Amino acid sequence: MPVSTKPRVRFAPSPTGYLHVGGARTALFNWLFAKHEGGTLILRVEDTDVERNKPELVDGILVALKWLGVDWDEGPFFQSQRGEMYRAAAEKIFASGAGYACYCKPAAYAGGDYSAPKDEVEDEGDAEGPKAAKLAACPCRDMSADQLAAKEKEGLPRAIRFKTPRTGVTTFEDAVFGPREVQNGDIEDFVLLRSSGVPTYQLSVVVDDIDMRITHIIRGADHLSNTPKQVLIYHALGAQPPIFAHVPLILGADRTRLSKRHGATSVGSYADEGFLPEAFRNFLALLGWSTGDDSEYMRTPELVERFSLSGVSRTNAIFDRAKLEWYNTQYLQKPPVEEILPFVEAELKKAGLWQDAWGSSEQAWFARTVDLIRPRTRLLGDFTTWARAFFTDDFTYDVEAREKFWKDEKIAGMLGKLADALAALPEWNHDACDAASRAVAAAEGVKAGVLINATRVAIVGRAVAPPLFDTMVALSQDRVVARLQRAVAFLNSR
RNA sequence: GGCGCUAUGGUGCAACGGUUAGCACGCGGCCCUUUCAAGGCUGAAAUACGGGUUCGAUUCCCGUUAGCGCUACCA
């Protein structure tokens, strides 16, 4: 038996500037798997492409992972600092005969057009059919020692290609897609080491996964087709391939790859928009994975407990923002209020509305008020937009609310009477406010709702708010009376 | 073009040979009501198409179609 059966997994982003939601989901799956199994998560930055290797780009990813709550046990490691290992592995494969030197000029990127001319495709009688032409190996593969030496003498740059067997099959195990088998004849002689001495992804990923003793590779399904090449490298290096688990891709609403056109694609933008990390995790976890029953709202510990590769789907999923927002409402509303206080505090600070007393002497008030507001919130920003008046006297009267509830010209008079009645209350609580308000409405000969709605606009500036008398209690007697008087003055000045 | 993967309401998932095809989001209606939410009840909405296999297919097989991925000296 192996010394340790604890899995080792890794998340290996390339530093393209920010953490994409697809990458975030991959990171989360790795994290959930590691936590569930009591294994180890390693963070590795795949930055072999020197052009795009900028430290600040890595930073954005680390910040986003931290926000997401995905932490790692080892790393971050940087491939850009491990070049010697890859070169040594390439030379080893070359020396063993599993690879060969290639002196061809690098083919320019064709721009994705692989279609052959029509007549050529239809000409199937030809001995050199289209297929044979497509997979024609680089001529260097079969060059004689003399020819090779000549090329070398010319001083041509040398790349190392993998000498893919012409026959047979390559197999591997995928925890999501099942046992896989591909014809070696369908695999081209891919480059391991560029003529610049920089390894390709195919090589570096395998060398690192061997070196880091990775047991399960959980990554996007876009890597599924290239996996046989990597398995070939494992064998050439005398290593046992790990278990693969390819997770389906996340697409935009039009079923194409998620891009800016579909709205925000970076995790950071969701953080900025006022989503809670736990809501984001819950949502992401269920994109391409399910428990098997119909569980949806699962807090992170439950996600960890229930996560399993066997529940991962094979179909691409579409990123549905509406559902994400629903998850956010759940996490804004269901957990004990203490849990969301820090997030609301941060939001208030961002808006310049935070007062230190709310974190100390008035903490109970703050908690009660947040609890009062949160049933109607979808995003953290709601606390500083429509609920702004709970935290500052500096607010305006919403135009729509005015038109809806301040139409009647008797409103100003009624609000004035209410201000007086409320100011005279010896006790300030829900029922007292309720009784006083209804008494004023009755005296004025209007339905209670008319006064209540008008009052709401006066004290919070909006048509939308928590139940009025609870709101009054939260705001305090002095403030409510002052705001009513201010509203009267506003109405009379028109 | 080649190779591969996938296919259940608009979306995310269930049903892994036998169910009136279930749940959630979203959408509509009703209840509640002091605005708006929340909550409760409820409605519309799906097995891509065509062949098999089977007593019986959403489920297994084949084909078609569609989408996606890979096919770079990108990762």
Side-chain angles (χ1 to χ4, degrees), chain A residues 12-16 46-49 51-52 79 102 104-110 112-118 120-121 130-131 133-135 157 159-161 177 180 182-183 185-188 190-196 198-202 204-205 220-229 246 248-249 251 253-257 283 286-297 311 313-327 329 333 374-378 386 401 404-405 434 437 447-453 455-457 460 462-469:
Chain A
S14 52
T16 50
E46 311 225 314
D47 56 352
T48 52
D49 187 348
E51 301 271 300
R52 285 187 282 172
Q79 291 193 325
C102 170
C104 300
K105 272 195 303 193
Y109 179 37
D113 180 16
Y114 290 91
S115 54
K118 205 171 181 216
E120 199 177 310
V121 174
K131 183 177 175 179
K134 274 304 158 205
L135 277 184
I160 295 179
R161 282 185 187 275
F177 289 89
R180 315 282 317 154
V182 316
Q183 298 294 322
D186 288 332
I187 305 172
E188 69 277 13
F190 51 96
V191 172
L192 297 171
L193 192 69
R194 298 177 174 91
S195 49
S196 62
V198 176
T200 60
Y201 165 75
Q202 310 290 166
S204 57
V205 73
D222 48 341
H223 291 290
L224 188 58
S225 298
N226 277 325
T227 303
K229 294 175 187 167
H246 287 97
L249 270 21
L251 310 176
D254 57 0
R255 296 206 163 271
T256 62
R257 209 163 193 167
F283 168 71
L286 258 18
L287 260 190
W289 171 72
S290 72
T291 56
D293 57 27
D294 290 320
S295 303
E296 299 234 73
Y297 175 78
S313 141
R314 284 177 293 279
T315 61
N316 292 165
I318 290 173
F319 189 90
D320 181 7
R321 188 195 160 95
K323 186 112 188 202
L324 204 211
E325 285 194 15
W326 176 78
Y327 273 108
T329 65
Q333 296 168 20
R374 68 172 176 157
R376 268 140 266 260
T377 54
R378 289 186 80 77
W386 68 256
K404 196 170 172 191
F405 296 125
D434 190 332
S437 301
K447 290 205 292 187
V450 173
L451 178 61
I452 286 169
N453 290 331
T455 303
R456 181 177 300 105
V457 180
V460 298
R462 296 268 171 163
V464 179
L468 186 70
F469 306 120

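Nothing here was measured: the structure is a model prediction, and the numbers come from that model. Residue numbering restarts at 1 for every chain, and letters A, B, ... go by the order of the sequence lines. What you see below is based on every heavy atom in this structure, not just the backbone, and it leaves out hydrogens, waters and symmetry mates.
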Mark yes or no for a side-chain to base donor-acceptor pair under 3.5 Å between A:D294 and B:G22, with no hydrogen or angle criteria applied.
-> yes

Quickly work out the A:R314 CZ to B:C68 C1' distance and round it to whole Å.
-> 16 Å

Let me know the distance between OH of A:Y327 and P of B:C25, rounded to the nearest Å.
-> 9 Å

Counting only Watson-Crick or G-U wobble pairs whose two distances fall under 3.5 Å, which nucleotide matches B:A15?
-> none

Salt-bridge present (A:K229, A:E188; N to O < 4.0 Å) | yes

Would you indicate whether the side-chain heavy atoms of A:F190 and A:N226 approach each other to under 4.5 Å?
-> no

Report which part of the nucleic acid A:G220 touches: base, sugar-phosphate, or nothing (heavy-atom distance under 4.0 Å, all strands).
-> nothing

Taking for A:Q202 and for A:W289 the nucleotide of RNA chain B with the nearest heavy atom, the one nearer the 5' end belongs to A:W289

Which base sits across from B:G56 as a Watson-Crick or G-U pair, both distances under 3.5 Å?
-> none

For A:P375, does its backbone N or O pair with a side-chain atom of A:Q333 as donor and acceptor, under 3.5 Å?
-> yes

Counting only Watson-Crick or G-U wobble pairs whose two distances fall under 3.5 Å, which nucleotide matches B:G39?
-> B:C31

If we take the P atom in both B:G29 and B:A37, what is their distance in whole Å?
-> 12 Å

Base, sugar-phosphate, or nothing: which does A:K447 touch, judged by heavy atoms less than 4.0 Å apart?
-> nothing

Once you round it to whole Å, what is the distance between C1' of B:A66 and CG of A:L251?
-> 14 Å

Between B:G28 and B:G10 - C1' atom distance, rounded Å = 14 Å

Which part of the nucleic acid does A:Q183 contact within heavy-atom distance under 4.0 Å: base, sugar-phosphate only, or nothing?
-> nothing

Atom-pair distance (CG on A:D293; C1' on B:G22), nearest Å = 12 Å

Please tabulate, one pair per line, each protein N/O and nucleotide N/O from nucleotides 31-37 of chain B that are separated by under 3.5 Å, including the distance.
residue : atom : partner : partner atom : Å
B:U34   : O2   : A:R456  : NH2          : 2.2
B:U34   : N3   : A:L468  : N            : 3.4
B:U35   : O4'  : A:N453  : OD1          : 3.2
B:U35   : O4'  : A:R456  : NH1          : 3.3
B:U35   : O2'  : A:A463  : O            : 2.9
B:U35   : N1   : A:R456  : NH1          : 3.4
B:U35   : O2   : A:A463  : O            : 2.6
B:U35   : O2   : A:A465  : N            : 3.1
B:U35   : O2   : A:A465  : O            : 3.4
B:U35   : N3   : A:A465  : O            : 2.6
B:U35   : O4   : A:A465  : O            : 3.4
B:U35   : O4   : A:P467  : N            : 3.4
B:C36   : O2   : A:R376  : NH1          : 2.8
B:C36   : N3   : A:R376  : NH1          : 2.4
B:A37   : O2'  : A:P375  : O            : 3.2

Can you check whether A:S290 has a side-chain N or O nearer than 4.0 Å to OP1 or OP2 of B:A14?
-> yes

Side chain of A:I318 (C-beta onward), nearest among B:C3, B:G12, B:G69 = B:G12

Could you state the atom-to-atom distance from CG of A:L193 to P of B:A75 in whole Å?
-> 12 Å

Find the partner of B:U20: check Watson-Crick (N1-N3 plus N6-O4 or O6-N4) and G-U wobble (N1-O2, O6-N3) distances, both under 3.5 Å, and reply none if neither fits.
-> none

Do the side chain of A:T227 and the main chain of A:H223 share a donor and acceptor less than 3.5 angstrom apart?
-> yes

Which value, in whole Å, describes the distance between the P atoms of nucleotides B:A44 and B:C30?
-> 16 Å

Expressed in whole Å, how much space separates the P atoms belonging to B:G39 and B:A46?
-> 26 Å

Select one nucleotide: of B:G69, B:G12, B:A75, the one nearest the side-chain heavy atoms of A:L249.
-> B:G69

Is there a Watson-Crick or G-U wobble partner for B:A7 with both distances under 3.5 Å, and if so, which one is it?
-> B:U65

Which residue lies toward the 5' end of RNA chain B, A:H223 or A:T256, if each is placed at its nearest nucleotide?
-> A:T256

Here the distance between atom P of B:G69 and atom CG of A:N316, to the nearest Å, is 8 Å

Taking OP1 and OP2 of B:G67, is either one under 4.0 Å from a side-chain nitrogen or oxygen of A:R255?
-> no

Check if the side chain of A:T200 and the base of B:C73 share a donor-acceptor pair of N or O atoms closer than 3.5 Å.
-> no

A:R321 CZ - B:C27 P separation (whole Å) = 14 Å

Is it true that a side-chain atom of A:D47 and a backbone atom of A:Q79 form a donor plus acceptor pair closer than 3.5 Å?
-> yes

With P as the reference atom in both, quote the distance from B:C23 to B:A45 in angstrom, rounded to an integer.
-> 15 Å

Counting just side-chain N and O atoms, does A:N226 come under 4.0 Å of either OP1 or OP2 of B:U71?
-> yes

Applying the 3.5 Å cut-off to both distances, the Watson-Crick or G-U partner of B:G1 turns out to be B:U71

Quantified in whole Å, what is the C1' atom distance between nucleotide B:G63 and nucleotide B:A7?
-> 15 Å

Is any side-chain heavy atom of A:F283 less than 4.5 Å from a side-chain heavy atom of A:E325?
-> no

Between B:A57 and B:A21, how far apart are the P atoms? Round to whole Å, please.
-> 14 Å

A:F319 side chain near A:L287 side chain, heavy-atom distance below 4.5 Å = yes

Return no unless some side-chain N or O of A:R180 is found under 4.0 Å from OP1 or OP2 of B:C3.
-> no

Rounded to the nearest 0.5 Å, the OH atom of A:Y327 sits from the CD atom of A:E296 at a distance of 4.0 Å

Looking only at atom types and distance, does a side-chain atom of A:S14 sit under 3.5 Å from a main-chain N or O of A:E46, one as donor and one as acceptor?
-> no

C1' atom, B:G9 versus B:A48: distance in rounded Å?
-> 13 Å

Please say whether more than 12 non-hydrogen atoms of neighbouring residues, nucleotides or ligands are located less than 6.0 Å from CZ in A:R376.
-> yes

Rounded to the nearest Å, what distance is computed from the OH atom of residue A:Y201 to the P atom of nucleotide B:C70?
-> 11 Å

